[in-house]
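I have placed the structure first, in the form of structure tokens, so that the comments after it can refer back to it.
Chain naming here is simple, since letters A, B, ... match the order of the sequence lines and numbering starts at 1 in each.
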There are 2 protein chains.
Amino acid sequence: MSVFSEVSTTDLVTQIARQITEAIVTGHLKPGERLTELQLSRQFGTSRAPVREAARLLESQGLVTFSPRRGFFVRTFSASEMRDIYELRIGLELHAGYLAVERATDADIAALEKQLGRLYGTAGQASIETQIFEDFAFHRMICKASGNARLIRVYDELATEMRAGITLIGKIYDDPQRMAETHEPIMDALRKRDGDELREALRYHIAVARDAVVALFEELEKGV
Amino acid sequence: MSVFSEVSTTDLVTQIARQITEAIVTGHLKPGERLTELQLSRQFGTSRAPVREAARLLESQGLVTFSPRRGFFVRTFSASEMRDIYELRIGLELHAGYLAVERATDADIAALEKQLGRLYGTAGQASIETQIFEDFAFHRMICKASGNARLIRVYDELATEMRAGITLIGKIYDDPQRMAETHEPIMDALRKRDGDELREALRYHIAVARDAVVALFEELEKGV
DNA sequence: AAAATGCCGATTGTCGACAATTGACACTTT
DNA sequence: AAAGTGTCAATTGTCGACAATCGGCATTTT
């Protein structure tokens, strides 16, 4: 019986939500841009109903804002909002690390090693988007190693927001090689399963990212 | 011009979502229960469209699950899911406390004192639901004092889930007076603005709640 | 009698339509 | 010319309708 894999029955709403999300995090849809229901529905070849439901999903995910009688808009991020997001991420990931130190299986650690390798691999080779993606994947694995499913959900939400914000500024780090290297202290602490060291490494690592992103956003705001 | 207050333009979807949420956290709608679109729409006196949109909102908020072609159901909570939620809450609130120690204004502290008073006031007097509500309000204020809006959003989501879960088991603490008192160490640390002490007080306080809730849930699962 | 099949009411998925509202532009008034 | 008013196309809010699908029950088959 198990020869067959499940037939995908992803409904329209999910598909549409995914596509819009993708368009936002890749910067195809820019913050503040209006999402016209009719226009979107024509592009997807559906009616407006599934589009609206998808938009509602994204709304409560924070990717899209909704103004009654005016419609849906791609969310804009202010510098202080980005700071909040990164600051929350620090708390979240430190807690994940605290839990992971005790709960991570050897397989988890191995997966992280492999992912770190991938970070080095993409350095210089791949596009910025790919590097950012692999970076987030590494940190997601730490959350995963915490064994807390609810925590991962929050991380994923934050990651989506961060990606959506980051596309605005184009680049965060100029040296991909260096970016990969800054993960070493984290990996070291994990190998040793040293909770305090891991927390400190994570705190520093994310704080650096936070400062870089926030600074770029502040510049952006001043520019406008 | 400022003589007039804004006319409330809350759209149907928001209203419906609020009502369903309320019904879930008060236990009027029980976990696993099916949400029939037609039935709900008749109760609200609307068509199915706004009901579906509201349900989507609640879905991504984790209060409702959706199964394609089968519909929406009130989410069920397992003991391990509740543990995850409380565990995440620990991380979240400790981080909030860490930030609050530095950022809390005197007004914030005063508001917390007042809320603690309200906790004592409702002890024995008010319904369990009210006490739980006031308890959550206290902890929400700590998050608020962190000054991080994104953090509060996550807390609110968790609080909703906790409330939805808690209605299942009826009661968590038998002694409301004692419940109020266990907040004193938290308040003390806040008054002194002692970060470490606050974190320790919060960690202990929430861990106790977590253990109580999880134990009751495990019993519930065994019973079934 | 147990298992598989066929059928049917109930429910969801999606659609197109119409009324209500918005924002922008043109027009009047002073 | 500035301010206010009227008008209109574009868009959203909501609805009712129809096809597709599901779960359960009766029926058949072995």
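- For the 3.5 Å distance criterion, the side chains of B/R118 and B/Q115 qualify, holding a donor opposite an acceptor.
- Picking from D/dC15, C/dC15, D/dT12 the nucleotide with the shortest atom distance to the side chain of B/L12 gives D/dC15.
- B/R18 and B/Q15 are not linked by any side-chain donor-acceptor pair at a separation below 3.5 angstrom, with hydrogens and angles left out of the test.
- With distances taken from any side-chain atom of A/V13 to the nucleotides C/dT14, D/dT14, C/dT22, the minimum falls on C/dT14.
- Atom CD of A/E37 is separated from atom C1' of C/dA20 by 14 Å (rounded to the nearest Å).
- Both B/A49 and A/R42 lie close to DNA chain D; mapped to their nearest nucleotides by heavy-atom distance, the more 5′-ward contact belongs to A/R42.
- Here D/dA10 presents its P atom at 13 Å from CD of A/Q39, a figure rounded to the nearest Å.
- Looking only at distances, a side-chain donor or acceptor of B/S146 sits under 3.5 Å from a matching main-chain atom of B/N148.
- Here the side chain of A/S47 is nearest to one of D/dG13, D/dT21, C/dC15, namely C/dC15.
- Minimum atom distance to the side chain of B/R34 is reached by C/dT11, of the listed C/dT11, D/dG13, D/dC15.
- The residue A/F66 sits close only to the backbone: its heavy atoms come under 4.0 Å of sugar-phosphate atoms, none of a base.
- Protein atom CD of B/E53 is 9 Å distant from nucleotide atom C1' of D/dG13, rounded to whole Å.
- No engagement by B/L40 is indicated, since no non-hydrogen atom pair under 4.0 Å with the nucleic acid exists.
- Within the 4.0 Å cut-off from OP1 or OP2 of D/dG13, at least one side-chain nitrogen or oxygen of A/R52 is found.
- Note on B/R70: a side-chain N or O is less than 4.0 Å away from OP1 or OP2 of D/dG23.
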Between A/R150 and B/E157, does a salt bridge (charged side-chain N to carboxylate O under 4.0 Å, His left out) hold up when you go through it step by step?
CA-CA 11 Å; A/R150 191 66 182 79; B/E157 274 183 25; 3.3 Å; yes

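- Rounded to a whole Å, the CZ atom of B/F44 is 16 Å from the C1' atom of D/dT14.
- Aromatic rings from B/H95 and B/Y98 are positioned such that their centres are separated by under 6.0 Å.
- Atoms CG (A/D11) and P (C/dC15) sit 12 Å apart, rounded to a whole Å.
- For the pair B/R56 CZ and C/dT12 P, the computed distance is 12 Å after rounding to whole Å.
- Between A/E33 atom CD and D/dT11 atom P the separation is 13 Å, expressed in whole Å.
- A/R69 has its CZ atom 17 Å from the C1' atom of D/dA9, to the nearest Å.
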